[in-house]
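Here's the structure we're looking at; comments come further down.
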Amino acid sequence: MRVRTSPRGSRASSNRRLVSPLVLILALATGVATPIAADAASLSGTITVSAASSLTSVFTQLGRSFALAHPGATVAFNFASSSTLATQIEQGAPADVFASASTKEMGHVQRAGDIAGGVSIFARNTLAIVVKPGNPLHIHSLADLVKVRVVAICVPSAPCGAAARKALAGSHVVLPTSKITLGQDVKSTLAQVTTGDADAAIVYVSDARTVGAKGSTVAIPTSENVITSYPIGLVKTTTRRALAWAWIAYVLGPVGQRALRAANFLAAH
Amino acid sequence: MSIQRRPPLAVVAIATATVAFLAVPLVGLLAKVSWSSLWGDLTSPVATAALGLSLVCSLWTVVISLAFGVPLAWVLARFDFPGRSLVRALATLPMVLPPVVGGVALLLAFGRNGILGRPLFDVFGVQLTFSTAGAVMAETFVAMPFLIITVEAALRTVDPRFEEAAATLGAGRWKVFRRVTLPTIAPSLVAGSALTWARALGEFGATVTFAGNIQGRTQTLPLAVYVALEGNEQVAIALSLALLAVSLVILVSLRGWWLGAIRS
């Protein structure tokens, strides 16, 4: 399950340095030690997973199926922008697992010594533009965004904000600050278009997919797009190590990967 | 004039704990302030834009609240009409309503697809969301009740005999209000305005929900603090310090007025 060099454009963010032997250990653990790991006694209780906002729906769904698979175990989630979560963990907020939308935030937490063991990339994501239903302003590219009144983008510190700025810069599109409304995380950024009056938002493809009838999605070509990687790791202060590992293995395993794929995330490799 | 010479020890202990609970976060904030870069942080482009915008929005809020809140307070204080308690509840509801809910309500009413926002946009081309006017609206929605409630309470305590006396001496209604009522409730007007101003200055939830978060247009001080908190912590702390200082000055200078307003 090692992450291979991406065949995508050169701007795809690189995370090779974060890949660790953990993945292999997990593969072994889930393959060899499943009967032991499934022992109900060791896998009961509640873990708190601090997860990037973009993982809200897929993790909520996975949390339910995980609880069904492990009676007595529950997963509580703390969804926010990865930078907010990183700050919380560094300040000692109780979390057992950290699932970040960017290797940068995970790197911060790792360098602060708050992650036990290595981290694994479990998904990747790219960006899309979400506009009002039917695309009334005829937006077909990042460059078209200069025509609209207000574009919603995540704050620069959030991974979705960093990715959006990278994509805009790579496409040589300069949006004046007077056109940009900042969302604290990807969900609140998207809501600016779906319930608010912003004309467009730059969000992850996986979030764009959730808009339904409340918006239309405009794809960003690969050459102008940015790929972000999602690392997951065990928080050092966890008191529910076995259950936390089981959750990480679940996300990296076939069930988790299938759910992520269904939610329009890209494969980790 | 306390009857007891010394308060019970247990009460003192609890009171001390309460003060500590309220003060420790402020100490935490002060401890993190980088005094050497404070001026630079406060004059950074994001900070000056937010400071200027907050000043403009909060002062407009006070002006609008005075213009529209005082007449309502007067009606509530002086006239008995069916549904008065309902109107009073409505006028003070934003004080207890979570501001985000207020923002959502404003959005659903005045957004481009809102019941009033749609005709406003379709017919006049006016869009309140993502505009400074929208930020003022959000702040007014949340802060005006402070003025209404303060002024109404003051109007209720005005002895009607003074007004009647002025009227019998030939003063018109407007003159009575201007020469008798207004001077009597002046302390409350000042106190209510100051409270409204302070509340408007600190408004976050309704503003970000309804008016968005656009630097220089709707990104007021609290929004700038929230955005700066990650990645630009020193600016966030500097702006927080500015807000804290303003709030303290208002409260301290208000104490006299506030007590005066209650006594009047």
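Here is the naming used below: chain letters follow the sequence lines, and residue numbers restart at 1 for every chain. Bear in mind that the values here come from a model prediction, so they are computed numbers and not experimental data.
For B:Arg112, the parts lying under 4.5 angstrom from a heavy atom of chain A are both the backbone and the side chain. Residue contact with chain A, scored on non-hydrogen atoms closer than 4.5 Å, is absent for B:Phe210. Residue A:Ser83 touches chain B through both its backbone and its side chain, counting heavy-atom pairs closer than 4.5 Å. Using a 4.5 Å cut-off between heavy atoms, A:Ser81 touches chain B through its side chain atoms alone. The contact between A:Leu182 and chain B is made by backbone and side chain atoms together, counting heavy-atom distances below 4.5 Å. Contacts between A:Ala198 and chain B at a heavy-atom distance below 4.5 Å involve backbone atoms as well as side-chain atoms.
Contact count versus chain B (heavy atoms, under 4.5 Å) is highest, among A:Gly183, A:Ser157, A:Ala158, for A:Ser157. Heavy-atom pairs under 4.5 Å with chain B peak, among A:Thr177, A:Thr84, A:Val155, at A:Thr84. Counting heavy-atom pairs closer than 4.5 Å to chain A, the top residue among B:Val104, B:Thr218, B:Leu107 is B:Leu107. Ranked by heavy-atom pairs under 4.5 Å with chain B, the list A:Ala152, A:Ala191, A:Ser178 is led by A:Ser178.
In this structure, the ring of A:Trp247 has its center less than 6.0 angstrom from the ring center of A:Phe77. For A:Phe265 and A:Tyr230, the ring centers sit closer than 6.0 Å to each other.
Considering A:Leu142, A:Val226, A:Thr126 in turn, A:Leu142 is the only one that fulfils the side chain to side chain contact (heavy atoms under 4.5 Å, CB included) rule with A:Ile220.
For the pair A:Lys104 (side chain) and A:Pro159 (backbone), a donor-acceptor distance under 3.5 Å is absent. Proximity of a side-chain donor or acceptor of B:Glu203 to a complementary backbone N or O of B:Thr207 within less than 3.5 Å is detected. At least one donor-acceptor pair closer than 3.5 Å links the side chain of A:Asp96 to the backbone N or O of A:Thr48.
Rounded to the nearest 0.5 angstrom, B:Ile64 CD1 and B:Thr140 OG1 are separated by 4.5 Å.
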